[in-house]
Protein chains: 2
Amino acid sequence: MEKLNNIIFYNIDHSIRLYRMYAQKQLREHGFKITIDQWLVIKCILENPTITQHELSELVFKDNASVTRIVDLLIKAKYLEKEINPEDRRKFILHVTKSGEDIIKNVQEIVLQNRSKALKGIAAKDLETADAVLQKIIANCK
Amino acid sequence: MEKLNNIIFYNIDHSIRLYRMYAQKQLREHGFKITIDQWLVIKCILENPTITQHELSELVFKDNASVTRIVDLLIKAKYLEKEINPEDRRKFILHVTKSGEDIIKNVQEIVLQNRSKALKGIAAKDLETADAVLQKIIANCK
DNA sequence: TTGAAATAATTGACATATCAATTAAAAATT
DNA sequence: AATTTTTAATTGATATGTCAATTATTTCAA
């Protein structure tokens, strides 16, 4: 068991890295010029149109600094625009452009394929157990 | 989002990030000037004294480039030394210094505490299931 | 045996992670 | 109202991740 305690973190790390590499490779091979993290940020803004960068950082579990930089890159790539929030000039309103909406739509199918490929052959019950274990770890580390 | 929390990959990512942050914070608060990744690299060299950087990168799931840079930092920190392997001049022999051995020894207790804190309240059976699920994901993404 | 292919490590470029410090604005307190 | 505190976002510094290109060396094959 002491061994598993050691190995479990090793496997959590390994699995998420392999999944990200696989997912990123799929995007690249289909000609999409976007990273997994950038995709997630746009997706969250589309689903929460009034979200601030700080709220975004909590939602995707990234540092404020990372979000600032990802948003910058997305603006450079013309997937996003930002505008000072007149209600609170510390905040920004983030707008997804047409081109940003399009890429999310076009990438969606690949994302679903990636997930089902990665989870193939895993029983729903076991997946639920694994998910509960991960949530417990999350709670324990907070 | 299709309920972020319901997506296993989100929770895998979240859990490993929180665990790493927690573990890193513990190291910092106990005055150890070393990162989790650096700790892992030294530990692997101690356990595999003839390992090459390339083999190391496979063992810790990192890119060759990352390993090169981590090793560089560890040499700067005087935890490691390297020497060209006379058998094959493309390779290096990596030596852990006394100071490197010491820090691993001293950090060990904290690592164990971190793990047990993160896994507190999780049934052994569930942990095994979670581990099997992660291994399956790893296999699927290869 | 020599030229081609494979391997080990490095480097450059760029993206992301983390912490600390800073700026600007809003909210709370006195 | 003026001062203090809090909040949102940015920036700088450093570490790591990833890919592609490069160098040095070894191995393989014609």
Side-chain angles (χ1 to χ4, degrees), chain A residues 13-14 16-29 32-42 50-77 79-80 82-94, chain B residues 13-14 16-29 32-42 50-77 79-80 82-94:
Chain A
D13 193 51
H14 194 177
I16 197 65
R17 275 188 213 220
L18 275 182
Y19 177 70
R20 288 174 67 93
M21 282 175 71
Y22 177 74
Q24 189 65 63
K25 189 169 167 231
Q26 288 303 110
L27 290 184
R28 197 171 50 244
E29 286 181 355
F32 294 111
K33 296 207 184 324
I34 192 169
T35 68
I36 304 288
D37 296 293
Q38 292 169 2
W39 170 81
L40 182 61
V41 164
I42 302 179
T50 64
I51 201 169
T52 65
Q53 292 182 201
H54 178 69
E55 289 160 351
L56 199 48
S57 73
E58 293 183 336
L59 191 57
V60 300
F61 201 67
K62 292 176 185 301
D63 193 88
N64 284 337
S66 297
V67 169
T68 292
R69 281 154 188 154
I70 291 173
V71 164
D72 279 352
L73 288 173
L74 287 172
I75 289 171
K76 263 189 209 138
Y79 293 143
L80 279 190
K82 73 199 251 186
E83 173 199 355
I84 291 174
N85 186 332
E87 310 281 308
D88 182 340
R89 298 177 48 78
R90 291 170 304 184
K91 301 179 183 174
F92 289 95
I93 300 172
L94 300 168
Chain B
D13 193 53
H14 196 169
I16 197 65
R17 278 190 212 211
L18 270 184
Y19 176 69
R20 290 174 64 94
M21 281 175 69
Y22 177 73
Q24 188 66 63
K25 190 171 167 228
Q26 289 303 111
L27 290 185
R28 197 172 49 244
E29 286 181 354
F32 293 111
K33 296 209 185 321
I34 191 169
T35 68
I36 304 290
D37 296 294
Q38 293 169 2
W39 169 82
L40 182 61
V41 164
I42 302 179
T50 64
I51 201 168
T52 64
Q53 291 182 202
H54 179 67
E55 290 161 350
L56 199 48
S57 72
E58 293 183 337
L59 193 57
V60 300
F61 322 124
K62 292 179 187 298
D63 194 88
N64 284 337
S66 297
V67 169
T68 292
R69 281 155 190 155
I70 291 173
V71 165
D72 280 352
L73 288 172
L74 287 172
I75 289 172
K76 262 189 209 141
Y79 293 143
L80 278 190
K82 71 199 248 185
E83 172 199 356
I84 292 174
N85 185 334
E87 311 279 308
D88 182 340
R89 299 177 48 78
R90 291 170 303 184
K91 302 178 180 174
F92 290 95
I93 299 172
L94 300 168

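Owing to the predicted nature of the structure, the values given are computational and were not obtained by experimental measurement. Letters A, B, ... are given to chains in the order of the sequence lines, protein chains preceding strands, and every chain is numbered from 1.
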Could you tell me how far apart [X] ([atom1]) and [N] ([atom2]) are, to the nearest whole angstrom?
X: B:I75; N: C:dA9; atom1: CD1; atom2: P; value: 12 Å
X: A:E87; N: C:dA27; atom1: CD; atom2: P; value: 10 Å
X: B:I93; N: C:dA8; atom1: CD1; atom2: C1'; value: 14 Å
X: B:N85; N: C:dT7; atom1: CG; atom2: P; value: 17 Å
X: B:I36; N: D:dT16; atom1: CD1; atom2: C1'; value: 13 Å
X: B:L73; N: D:dG17; atom1: CG; atom2: P; value: 12 Å
X: B:K62; N: D:dA15; atom1: NZ; atom2: P; value: 14 Å
X: A:W39; N: C:dT16; atom1: CH2; atom2: P; value: 14 Å

| query | What does nucleotides 5-10 of chain D look like as a protein-contact string, B for base, S for sugar-phosphate only, - for none, at under 4.0 angstrom between heavy atoms? | reply | --BSSB
Pull out every protein N or O sitting under 3.5 Å from an N or O of nucleotides 2-5 of chain C, one pair per line with the distance.
none

| Minimum heavy-atom distance between B:T52 and B:E55, given as atom pair plus value | N-OE1, 2.9 Å
| field | Nearest heavy atoms of B:K33 and B:Y79, plus distance in Å | value | O-OH, 3.9 Å
Look at the side chain of [X] and decide which nucleotide, out of [options], has an atom nearest to it.
X: B:Q38; options: D:dT18, D:dA15, C:dA26; value: D:dA15
X: A:M21; options: D:dC19, C:dA17, D:dT16; value: D:dC19
X: A:T35; options: C:dT16, C:dC19, D:dT16; value: C:dT16

| query | Are A:K76 and A:D72 close enough for a salt bridge, meaning some N to O gap below 4.0 Å? | reply | no
| query | Salt-bridged, A:D37 to A:R20, with N to O below 4.0 Å? | reply | yes
| request: Please tell me which of B:D37 and A:R28 maps to the more 5' nucleotide of DNA chain D, matching each residue to the nucleotide holding its nearest heavy atom. | output: B:D37
| said: Return the NZ to CG distance between B:K82 and B:L94, rounded to the nearest 0.5 Å. | reply: 7.0 Å
| Measuring from A:L74:CG to A:R69:CZ, what's the distance to the nearest 0.5 Å? | 14.5 Å
| Sugar-phosphate, base or nothing in reach of A:D63, heavy atoms under 4.0 Å | base
| task | Please work out if B:R17 contacts a base, only the sugar-phosphate, or nothing of the nucleic acid, heavy-atom cut-off 4.0 Å. | result | sugar-phosphate
| query | Would you call the rings of B:F61 and A:H14 parallel, tilted or perpendicular, where under 30° means parallel and over 60° means perpendicular? | reply | parallel
| request: Using only heavy-atom distances, determine whether the side chains of B:K91 and B:Q53 contain a donor-acceptor pair under 3.5 Å. | output: no
| Given B:I42 and B:I34, is the side-chain contact (heavy atoms from CB on, under 4.5 Å) satisfied, shown in steps? | CA-CA 10 Å; B:I42 302 179; B:I34 191 169; 3.9 Å; yes
